[in-house]
Number of protein chains: 2
Amino acid sequence: MSRLTRDDIIAGAGRRFASHGYHGTSMRDLGDDLGILGSSIYAHVGGKQELLAAVIDRGAAFFEASAMRAQREGRPADETLAELIAGHVDVVLDHRSEARTYLSETQVLDDEDRKRVSEARDRYESVFVDVITRGQAEGIFPGDRDPRLTAIYVLSILNTIDRWFDEGGRVDRHGLAADIFGFVVDGLGC
Amino acid sequence: MSRLTRDDIIAGAGRRFASHGYHGTSMRDLGDDLGILGSSIYAHVGGKQELLAAVIDRGAAFFEASAMRAQREGRPADETLAELIAGHVDVVLDHRSEARTYLSETQVLDDEDRKRVSEARDRYESVFVDVITRGQAEGIFPGDRDPRLTAIYVLSILNTIDRWFDEGGRVDRHGLAADIFGFVVDGLGC
DNA sequence: CCTACCGATCGGTAGG
DNA sequence: CCTACCGATCGGTAGG
C-alpha cells in the first residue's frame, strides 16, 4: 500500500462522479473509496470543484484525440464517419467514468471551466457535422438531410451507449459500432 | 397570493430537480422558488424522496399516455412509429421538468420506487421494439435490423431533445418529429 | 405556513 | 496522510 498519486485521486473521483453525480458525492465518500480520509484529499488537490474539472478535462481530451485520429486526410467521408463512431464507442467504454462525468456534469462547473469545456464539445460536434456535409457534397450520402440535426442524432445515440450496452452480450463493441454506422447510413431501410 | 397546493409543490420540485438535480436541490431551494420556507413544504409532502417519486411518476405517466394514444389498432407500423415519435417530442417539450427528472433522476429513487419506474420504462421501450418488429414483418421496414437496438437508438435521440432543441428556431417541433422519423426510416440515404 | 429548533453531514483548514 | 477541528448547510420535527 504505497501512497496515492494525484492521478489516483482524479480517477477515484471520476468513478464516484460518474455513478453518483457531483452533488451526490462527498469528499468523505471519495476518501472512503480510496482508503483515506476525506480531508486527506486536500493534500493532493485544491478542492472538489478542481477535482471535477480535472475529471472532465480528461474526458474531453479522450474525445478530442479520437476525433483527431479519425480525421486523417484523403479518405472518403463514410470511412471517416465510421471511424468517428467506432472511436466514440471506444472512448465511452474504455473511459467510462471520465466520459460519463464529461457528458453529465459539465453544467456544475464554474463559468470559466464550463465555457472551455463547452467549446471543446462544440468543436467535437463540428467534426461530425463537417464529415456529414462533406459526404453529401461528395455524393456518398445521397440524401439532403440537415447535417447539424443529423450529427446531434448520432451523438445522442453514442452518448447513451454506456448506460445500456453490455460488453459480453451477444454483440461486441465492434459489432455495435458497425450497427450504429449502418443505422445512420440507411435507417430501417436496409 | 393564495395557499399553495400539493400539485404546486410537486411542479416546483420538478423544475428544480430537472435543472439542478435531486442532490443539487435543498428543501430550502424549493421553498425559495415557491415563496415559502423549506420547512413549510413538510405541510404538503412527507419528504424530499416522496417529492422526487411524485415528479417522476408524473413523467412516466405522460410517456405511458402517449404510447397508449399511438397504439390505436388497425394502422400500419410506420404510422404508429411516427406517432410514437411525435408524442415523445410533445411530452419532452410540454412537460420538460417531469420528463427530464424521470429520465435523469430515477437512479436516486429507493429500491421500490426505482423498480416500479424501471418497469414502466421497459414497457414503454417495448412499444417501440414491437412496432419496429411488426413493421419489418409487414415489409414496411425492408431491412433486417435488430429491433431492440434500433428502439434504443430512437429513444436515445428522443430523450436528448430538450437539451438542445430551440422551440422558436428554424424548425418547429412538428418538423423535428418528421425529421427524426425520416432519419429513422432512411438514415443519410434519402 | 411560520417559529424555533435538532442532530448529522458538508467542504474545507491548521498543524503535524 | 492523519488529528482535530470549523462554520455552514442539510433534511426534518414540535408546536402553533
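Note that the structure is predicted; figures quoted are calculated from it, not measured. First the proteins, then the strands, lettered A, B, ... as listed; each starts at 1.
Straight-line distance from the CZ atom of A/R16 to the P atom of C/dC10: 11 Å, rounded to whole Å. Atom CZ of B/R3 is separated from atom C1' of C/dC1 by 5 Å (rounded to the nearest Å). If you take CG of A/D8 and C1' of D/dC1, they are 14 Å apart, rounded to a whole angstrom. Protein atom CG of B/L30 is 11 Å distant from nucleotide atom P of D/dG12, rounded to whole Å. Summarising the geometry, the separation between CG on B/D32 and C1' on D/dC10 is reported as 14 Å, rounded to the nearest angstrom. The CG atom of B/D29 sits 6 Å away from the P atom of D/dC10 (whole-angstrom rounding). Between A/H44 atom NE2 and C/dG12 atom P the separation is 16 Å, expressed in whole Å. Following rounding to the nearest Å, B/F17 (CZ) and D/dG11 (C1') show an atom-to-atom distance of 12 Å.
Remark: B/S39 is not in phosphate contact with D/dG12, judged by side-chain N or O atoms under 4.0 Å from OP1 or OP2.
A/L30 and A/L37 are assigned to two separate hydrophobic clusters, defined by single-linkage of ILVMFWY side chains at heavy-atom distances under 4.5 Å.
Note on A/G47: only backbone sugar-phosphate atoms sit closer than 4.0 angstrom, heavy atoms only; bases stay farther off. At the heavy-atom level, B/I41 lies nowhere under 4.0 Å from the strands shown.
Here D/dG11 is the nucleotide among D/dC1, D/dG11, C/dC1 with the atom lying nearest to any side-chain atom of B/S26. Taking only side-chain atoms of A/R28, from C-beta outward, the nucleotide of D/dC1, C/dG12, C/dC1 with the closest atom is C/dG12. Of the candidate nucleotides C/dC1, D/dT3, C/dC2, D/dT3 has the atom lying nearest to any side-chain atom of A/L37. Taking only side-chain atoms of A/K48, from C-beta outward, the nucleotide of D/dC2, C/dG11, C/dC2 with the closest atom is C/dG11. The side chain of A/Y42 approaches C/dG12 more closely than any other nucleotide in the set C/dC2, C/dG12, D/dC2.
The cationic group of A/R121 lies under 6.0 Å from the six-membered ring centre of A/Y102 and within 45° of the ring axis, placing it in a cation-pi geometry.
In this structure the side chain of A/I161 never reaches within 4.5 angstrom of the side chain of A/R173, judged on heavy atoms.
Across the strands present, D/dC5 finds its partner in C/dG12; the criterion is a Watson-Crick or G-U wobble pair with both atom distances under 3.5 angstrom.
Checking side-chain atoms of A/T133 against main-chain N and O of A/V129 turns up a donor-acceptor pair under 3.5 Å.
When ring centroids are compared, B/F183 and B/Y153 stay outside the 6.0 Å threshold.
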